[in-house]
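In what follows, chains are A, B, ... by sequence order, proteins preceding strands, each numbered from 1.
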Amino acid sequence: MRDSASWEPTSYRTHTIGQVSENGASMAGSEVTIAGYAETVRGRGAICFLMLRDGTGHIQAFLKRDNMDEGSFESIQSASRESTIQVTGTVAQKRPPKVAEGEPVPPPEYEVNVSSGTILAEAAAPLPVGVTDDVQVGLDVRLDNRHLDLRRAHVNAMFQLRSKVLQYGRDHLIKEGFQEINSPKIIAAAAEGGTNLFPMKYFETEAYLSQSPQLYKQLAVLGGLERVFEIGPAFRAEKHDTYRHLNEFISFDIEGAWMDDEDVMGVQERMIHHIWTEVSNNDQDLMDVINEYRATQGQDAVTVDVPSLPFPRIPYCDAIEIVKDGGGEIEWGDDIESHHCDLIAAKYPGFHFLPRWPMAMKPFYIHHKEEEKGTTGGQLSRGFDLNYGRDEMTSGGAREHRVDVLEQNLRNMGLEPEDFAFYTDGFRYGAPPHAGWGLGVARLLMVLTGAGNVREVVLFPRDRSRVTP
RNA sequence: GCCCCGAUGGUGUAGUGGCCUAUCAUGCAGCCCUGUCGAGGCUGCGACCCGGGUUCAAAUCCCGGUCGGGGCGCCA
């Protein structure tokens with residue numbers, strides 16, 4: 001539940017439910033108006049218990065037929081679950097619950113003795129997914145009814161954590177001198193070869209949805225913005241169907257001048273360290289809500305283990321050896337696949353960088369040094385990944401700032417430098433060496449919250465077969 | 001794109017050719033109970049994805065479709 005201590009009153013309430021339930025002792029006797037969802041309504045003829053929930057807490061409203069207008073008493077008593085209800089009344093201490101012999105007496109709780117109330121909007125029944133039911137609902141049904149799914153405490157907690165993660169990440173980057181930018185999402189050409197783009201009609205011409213801010217954040221740095229970051233959508237028209245892929249996702253990107261791959265790996269590990277530290281210090285209550293739910297599902301609790309710095313660095317050539325030693329079939333030059341990552345993760349649980357990939361496997365904008373060769377003599381690059389377990393979180397690297405090499409790289413990959421003139425022209429008038437990375441926000445959230453599917457931590461996910469709601 | 005699996009009330013499930021007029025939970029409706037609080041008790045409501053086929057008989061077996069799940073590829 002959110003901390004609402006500083007929230008101002010609104011037209012519909014004098015206090016949040018959190019403000020009342022957390023300050024019951026000092027507020028006892030004062031009149032409040034609150035509003036929320038009806039979590040349960042227990043009627044007993046002459047009296048009625050209404051459990052109300054808003055985004056900040058729960059509280060019981062106590063209704064007595066003699067104390068209020070009979071019509072509104074009747075309507076609230078017969079209200080369906082999840083209806084929104086506004087009540088006005090006096091804060092008072094609840095009668096303590098019966099406890100078994102020998103059990104500890106719980107601390108005093110407070111309720112609102114209602115003098116008037118209104119149903120703001122009746123909820124249809126039955127609910128397509130229960131908000132407080134024990135039955136476990138399939139993900140697809142939940143996503144079809146995300147508006148109700150979000151009312152569940154642990155789902156709500158995940159999205160509050162998401163907001164916190166972005167906040168802490170922003171705070172850290174700003175502290176390191178990065179400034180936030182927004183790059184265009186409607187573009188004329190592929191930013192990187194390889195991934196499929198969604199075409200769209202743009203007046204009389206054809207355009208595409210951007211699959212990465214890559215080229216634009218580089219242009220911002222070349223232009224002198226020095227250190228930039230962007231948190232924005234990326235679109236990929238790939239027909240993948242896995243727990244970790246979506247066709248629209250939020251990419252957390254940075255780019256910095258006068259930096260190489262090692263420098264931006266440092267930025268990344270410090271940022272993740274900061275995020276984990278802050279969550280650990282400030283948001284354990286949200287983790288508790290998630291863990292309460294996990295316990296009901298027989299899942300282990302997730303803990304916020306602040307990773308130590310620096311993160312391990314396992315150069316590509318070493319990673320190949322680890323996979324081979326673990327019995328995996330792989331050769332230098334092969335991609336490191338998910339089952340290979342399991343072998344590496346067995347040795348390096350937690351976050352770990354995989355730097356110095358073969359140049360042939362990296363996009364044209366990745367920098368390489370001619371003298372850096374792999375174990376079989378192949379050209380290495382200054383591109384890296386950040387993995388956690390078997391999952392890739394980040395892809396990044398030092399960028400190629402030599403325009404002649406950049407154009408040769410394009411040609412090597414079967415692309416026409418002329419098609420990228422808008423980009424390569426940015427390198428013709430003095431380009432600072434620079435580096436950066438792109439981080440999948442939802443993948444990071446999966447690690448933090450223990451979510452087994454990226455869709456859990458995306459509000460309205462877009463995959464191959466889902467464009468609604 | 002490839003491989004494997006699945007579809008039963010609103011939701012989650014039991015079910016392995018006849019015991020199915022289909023189980024249980026949750027939900028919903030109603031009744032009982034004047035302080036409940038995971039409320040409780042009683043009564044009721046509500047389902048075999050669609051289209052073909054096999055069979056005396058199909059929720060159950062076969063084929064096709066649709067939708068979903070898992071794995072892989074590709075990536076963040």
**Prompt:** Distance check: side-chain N/O of A/Ser395 vs OP1/OP2 of B/A76, anything under 4.0 Å?
**Reply:** yes
**Prompt:** Nearest to the side chain of A/Gln60, which nucleotide is it out of B/G71, B/A76, B/C37?
**Reply:** B/C37
**Prompt:** What is the nucleic acid contact for A/Arg81, judged by heavy atoms within less than 4.0 Å: base, sugar-phosphate only, or nothing?
**Reply:** sugar-phosphate
**Whole-angstrom distance between B/G38 and B/U26, as gauged at atom P** = 15 Å
**Message:** Using a heavy-atom cut-off of 4.0 Å across all strands, would you classify A/Lys94 as base, sugar-phosphate, or nothing?
**Reply:** base
**Request:** Name the orientation class of the two ring planes belonging to A/Phe62 and A/Phe49 (parallel below 30°, tilted from 30 to 60°, perpendicular beyond 60°).
**Result:** tilted
**Sugar-phosphate, base or nothing in reach of A/Ser251, heavy atoms under 4.0 Å** = nothing
**Whole-Å gap separating C1' (B/A29) and CD (A/Gln77)** = 15 Å
**Prompt:** Which nucleotide in the set B/A76, B/G12, B/U36 lies at the smallest distance from any side-chain heavy atom of A/Val141?
**Reply:** B/G12
**Stacked cation flag A/Arg399 on A/Tyr365, 6.0 angstrom / 45 deg** = no
**Proximal nucleotide (of B/G68, B/C74, B/A76) relative to the A/Ser465 side chain** = B/G68
**Request:** Give the nucleotide from the list B/U26, B/G12, B/A76 with an atom nearest to the side chain of A/Arg236.
**Result:** B/A76
**Prompt:** Does the side-chain ring of A/Phe49 sit on the six-membered ring of the B/G35 base, less than 5.5 Å centre to centre and under 30° in tilt?
**Reply:** no
**Request:** Give the nucleotide from the list B/A76, B/C28, B/G35 with an atom nearest to the side chain of A/Ala125.
**Result:** B/C28
**Prompt:** In whole angstrom, what separates A/Lys239's NZ from B/C75's P?
**Reply:** 18 Å
**Asked** Where does the angle between the aromatic ring planes of A/His274 and A/His172 fall among parallel (under 30°), tilted (30 to 60°) and perpendicular (over 60°)?
**Response** tilted
**Request:** Rounded to whole angstrom, note down the P distance from B/U23 over to B/G9.
**Result:** 14 Å
**Message:** By the 4.0 Å heavy-atom rule, please label A/Phe62 as base, sugar-phosphate, or nothing.
**Reply:** base
**Asked** Below 3.5 Å, does any donor atom in the side chain of A/Glu111 face an acceptor in the base of B/G35, or the other way round?
**Response** yes
**Request:** Give the nucleotide from the list B/G12, B/C75, B/C37 with an atom nearest to the side chain of A/Asp335.
**Result:** B/C75
**Item:** d(CD1, A/Ile47; C1', B/A39) in whole Å
**Value:** 12 Å
**Item:** Rounded interatomic separation in angstrom, taking CG from A/Asn67 and C1' from B/U34
**Value:** 13 Å
**Request:** Check the distance between B/C72's P and A/Ile336's CD1 and give it to me in whole angstrom.
**Result:** 16 Å
**Message:** Please classify the nucleic acid contact of A/Gly438 as base, sugar-phosphate, or nothing, using heavy-atom distances under 4.0 Å.
**Reply:** sugar-phosphate
**Asked** Considering only heavy atoms from C-beta outward, does the side chain of A/Ser30 approach that of A/Thr90 to under 4.5 Å?
**Response** no
**Prompt:** Please give, in whole Å, the distance from B/U36 P to A/Leu63 CG?
**Reply:** 16 Å
**Asked** To the nearest Å, how far apart are A/Glu337 CD and B/C74 C1'?
**Response** 10 Å
**Message:** Using a heavy-atom cut-off of 4.0 Å across all strands, would you classify A/Pro213 as base, sugar-phosphate, or nothing?
**Reply:** nothing
**Message:** So, under a plain 3.5 Å distance rule, would you say the side chain of A/His245 forms a donor-acceptor pair with the base of B/C74?
**Reply:** yes
**Prompt:** Expressed in angstrom and rounded to an integer, what is the separation of A/Glu39 atom CD from B/A39 atom P?
**Reply:** 9 Å
**Message:** Of the options B/C72, B/C37, B/G12, whose atoms approach the side-chain atoms of A/Val137 most closely?
**Reply:** B/G12
**Message:** Pick the closest RNA chain B nucleotide for A/Phe249 and for A/Ala46 by heavy atoms, then say which residue is nearer the 5' end.
**Reply:** A/Ala46
**Message:** Under 4.0 Å, heavy atoms only, any strand: does A/Leu246 hit a base, just the sugar-phosphate, or nothing?
**Reply:** base
**Same-atom distance (C1') from B/A59 to B/C19, integer angstrom** = 15 Å
**CD1 on A/Ile59 to OH on A/Tyr110, rounded to 0.5 Å** = 10.5 Å
**Asked** Would you call the rings of A/Phe351 and A/Tyr388 parallel, tilted or perpendicular if under 30° counts as parallel and over 60° as perpendicular?
**Response** perpendicular
**Request:** Take A/Arg443 and A/Pro126, find for each the nucleotide of RNA chain B with the closest heavy atom, and name the residue whose nucleotide sits nearer the 5' end.
**Result:** A/Pro126
**Request:** Provide the distance between the two C1' atoms, one in B/G12 and one in B/C4, to the nearest whole Å.
**Result:** 24 Å
